[in-house]
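Everything on this sheet refers to the single structure shown next.
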Amino acid sequence: MKKSICLYFQVHQPTRLRQYRFFDIGKDSHYYDDFANRTILKRVAQKCYLPMNELLLEAIQANKGKFKVAFSISGSALEQLDRYAPEVLDSFRKLAATGSVEFLAETYYHSLASLASPSEFQHQVEKHKKHVQDTLGVTPTAFRNTELIYSDSIARQVYDLGFKTMLTEGARHIMGWQSPNYIYTAESQPKLKLLLRNYGMSDDLAFRFSDRGWNEWPLTAEKFTGWLSEAEGDIVNLFMDYETFGEHQKAESGIFDFMRALPGMVLAAGMSFVTPSQAVKNIKPVADLSVPDAISWADEERDLSAWLGNELQQEAYNKLYRQTEKLALIGDPELWADFGHLQESDHLYYMCTKFFSDGEIHKRFSPYATPYEAFINYMNVLSDFIIRINGRQ
Amino acid sequence: MTVLMFGWEFPPHIAGGLGTACEGIVKGLAHNGVKTLFVMPNASGDEDQSATTILNASDVAVQNVSTTVEEFIGKVKFYYVDSNIVPYVDPDEYFAAIEKMKAEGRSQTTVGFGQKFKFSGKYGADLMEEVSRYAQVGGTIAMQHKDEFDVIHAHDWLTYLAGIAAKELTGKPLVVHVHATSYDRGDEKHMDSRVLDIEKRGMMAADRVVTVSDLTRGIVINKYGIDPAKVVTVHNAVDFSGRENIEVERGIKDKVVTFLGRITFQKGPEYFIDAAAKVLKRTKGVRFVMAGSGDMMNRAIRQVARLGIADRFHFTGFLRGADVQKMFALSDVYIMPSVSEPFGISPLEAMRTGVPSIISHQSGAAEVLKYALKVDFWDVDALADDIYALVTYPALAKFASKQGYDEVNELKWNGATAKLKKVYESLI
């Protein structure tokens, strides 16, 4: 059997909060930094989404549909694209129309709802599915959770929501001697098939591509195709943030040229491209995986510590999700929307205090000078939000 | 009678309470018929330029500028020594001031005995260098004006060497004024021995040591070994003239309990947080605010998160100018749980705004405020009790607010400086 290459790109933009002071509590309930959100989204659209979508469309056409990719676009990102860069949505629709692009389901708000509340999780997954249908005209059938967070209990929830395919991280501490380059099943729900990220090869593109200190620099499409050919197993899953192309790895690094050359070389080397849903149809699973404690694709630890690793994050998380029941009773769409945006995992990520090793990555993505500032600002917003909820009871 | 006074800062460009106190003292002395020649190093150099007459001493070694402020009816003269030392300020603020100075190209100035001193902008090492430079300049100024004053008065350790120099050169009596000691800034293990040494030298050389509270008087006598006979307490006062309370629209229905100050060990922030957690177990209609910044801030934030009260306990960061007034105006209870506080002017500010205050017995202010509630800083249960009572029993809050307001309006510098004048008179 031909070896399969599965490319999946994550598109997400957080709804960044404005500087919200104690003095604003109870007076002003607009929480978002619209200017920063618009500016950043427009920049990323120009540098990444538009040129990369065009590149992928050309590659699909040039290879007569044999080049395939998958996307997951969070609801928060879809909202911002609709508001600030609708031309990007048009280009995603064009990609959807080729039939060679699969769009995955996730939580609408890129949240940690899978850990916090089964009902909120279900609500967000269904909201996202419907929004993707309405916006892109396709129905997601495979699932990826926020930051590839996965555990045995999440597997059961995902299957119960109607998905038979799920993506997660090929975390070393879970895999042991096993390779991520096969299809696995969930031990807690054997009918749920798992695709595991090959973090080494994914990060070659996502993190190391432009690193001149890396002994493999410069990475050419030819060299990378060679690695893919040599890799053991049935499938190599290359999962990464879409912003890798043009944003994290700048255009000057040659990342676009690399991606332009890669599809033809992979196909010529006798390998094929698959989307997640096709992969589980074509390839038989080899074993089941037990994951009692949640894993993710973040940081060295590949666990939840990027979002829930310290007491600040846990406090913010607990206080937020404590509102779930009250909100359900009120049923106000405006409060629901704010509740959703406040659930975006990014807000907790900004509070991470793992300053060493991965701290640099956290800092790069944070609008705050310190995790403490992120916490203070978030709690001020949350306090106003809770006052609004209590005022409605 | 005229006093040669060495200070470190003076309004409007002040970083801490020392400048405000000096202004109150100078004004109060003027009211009591005592003239002052006020010498200070100056961080920004643009202070009071509009209201002053600058005399350039072109070839004189000391760059001295004497100025008369109309407000003091010619009783106060200022001598500016350009300096970038602002010891009563957050390091962040300090470095911002240095950057500003560098940008303006004022990196050095001519002072001392015709020498040029390079201002490096460093906080630690150069503070000492500038303190001794200030002593040189102080001595020069004292000699230049030795026929014009009767007593020398130096405020806090930064100016003690200048005071000693002036005394040695002119033979006039020296009063040192202790606004704070090393023992209020940290535990004995972490004290700067050079600062401690200067403090001690100043107190030993002085003919009288004035302390801002009996608490500080005790420290001066017991820790520095100064003869009790020459240590006199003159409690701080506060000048509220021209101050109007601002009106602020409240966005929150809950009662607001406020801590405002540097978030450092000696201010007792952790006791405030623990008390907040206890109060919140009993009542929900209350929020807590910690306004300020400092080296214990991150630890305080973690404590709040760990106790699970972050939705009712808010941090504002460092507050400036009008925001400070706004914070008082939004408060229902003010807390100063200091572990060691020579005086502590902030509860007076709060009470002036009509906010009932709870302060620790370990503060100088506790000696003069009858209508503030008082607890030991470590007694978190008592603090929680008092907070609970003030937010729950309107009669108590109303009483404390009214009485406190009247009380602080009586604490005038005119009275405090009359006592200071007696100290001077005893030396001439």
Side-chain angles (χ1 to χ4, degrees), chain A residues 19-31 307-324 326-327 339 342 347-348 350-355 359 368-393, chain B residues 92 246-260 263 269 273 276-277 280 284-331:
Chain A
Q19 190 191 29
Y20 194 90
R21 306 186 64 201
F22 166 73
F23 299 110
D24 296 322
I25 298 173
K27 285 187 189 169
D28 187 342
S29 297
H30 184 76
Y31 304 142
W307 307 278
L308 296 172
N310 67 35
E311 57 240 86
L312 307 182
Q313 296 168 313
Q314 284 159 19
E315 165 77 347
Y317 170 87
N318 290 335
K319 286 283 146 71
L320 175 71
Y321 280 105
R322 196 175 288 176
Q323 309 307 317
T324 313
K326 285 188 239 170
L327 277 163
F339 183 51
L342 292 178
H347 302 309
L348 294 169
Y350 302 147
M351 300 174 199
C352 182
T353 43
K354 292 191 283 180
F355 284 115
Y368 300 96
T370 70
Y372 294 99
E373 280 177 35
F375 176 74
I376 291 170
N377 206 53
Y378 185 83
M379 291 311 298
N380 284 346
V381 167
L382 188 58
S383 298
D384 182 82
F385 181 64
I386 294 170
I387 288 174
R388 284 165 66 207
I389 294 171
N390 293 339
R392 296 289 297 278
Q393 284 185 309
Chain B
D92 284 355
I246 56 165
E247 290 293 317
V248 178
E249 187 210 337
R250 295 182 71 133
I252 300 167
K253 289 192 194 107
D254 306 300
K255 302 281 185 193
V256 174
V257 182
T258 303
F259 169 109
L260 195 153
I263 305 175
I273 296 168
L280 285 169
K284 287 292 169 219
V286 54
R287 286 175 189 275
F288 296 83
V289 177
M290 185 167 277
S293 60
D295 59 9
M296 292 255 295
M297 184 169 178
N298 291 348
R299 201 169 128 180
I301 294 167
R302 289 201 301 273
Q303 188 185 351
V304 165
R306 207 162 40 236
L307 289 165
I309 56 173
D311 55 334
R312 299 216 150 248
F313 195 113
H314 309 279
F315 292 86
T316 67
F318 186 77
L319 293 185
R320 284 180 181 76
D323 277 346
V324 174
Q325 297 310 314
K326 204 168 158 186
M327 196 61 246
F328 281 126
L330 284 170
S331 302

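Throughout, protein chains are lettered first and strands after them, A, B, ... in sequence-line order, and every chain is numbered starting at 1.
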Test B:D254 against B:R312 for salt bridge (charged side-chain N to carboxylate O under 4.0 Å, His left out), laying out the working first. CA-CA 10 Å; B:D254 306 300; B:R312 299 216 150 248; 3.5 Å; yes
Evaluate side-chain contact (heavy atoms from CB on, under 4.5 Å) for A:I376 paired with A:E373, printing each intermediate quantity in order. CA-CA 5 Å; A:I376 291 170; A:E373 280 177 35; 5.6 Å; no
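Looking at A:L382, neither its backbone nor its side chain comes within 4.5 Å of chain B, counting heavy atoms on both sides. With a threshold of 4.5 angstrom between heavy atoms, B:I309 approaches chain A through N, CA, C or O but not through any side-chain atom. Heavy atoms closer than 4.5 Å to chain A are found in both the backbone and the side chain of B:M327. Heavy atoms of B:R287 lying under 4.5 Å from chain A belong exclusively to its side chain. Both the backbone and the side chain of B:I301 come within contact range of chain A, each with at least one heavy atom under 4.5 Å from a heavy atom of that chain.
The contact list for residues 21-29 of chain A toward chain B, using heavy atoms and a distance under 4.5 Å, reads A:R21, A:F22, A:F23, A:I25, A:G26, A:K27 by residue number.
B:I273 places none of its side-chain heavy atoms less than 4.5 Å from the side chain of B:F259. At least one side-chain heavy atom of B:F318 sits less than 4.5 Å from a side-chain heavy atom of B:R320.
Within the structure, salt bridge (Lys or Arg N to Asp or Glu O under 4.0 Å) contacts touching residues 296-306 of chain B (residues at least two apart or in different chains) are A:E311-B:R306.
Crowding of A:K319 atom NZ: a count of heavy atoms from other residues, nucleotides or ligands under 6.0 Å exceeding 12.
Residues passing the side chain to side chain contact (heavy atoms under 4.5 Å, CB included) test with B:A310, sequence neighbours excluded: A:E315, A:F375, A:M379, B:V304. The ring pair (Phe, Tyr, Trp, His ring centres under 6.0 Å) test applied to A:Y20 returns A:Y31, not counting sequence neighbours.
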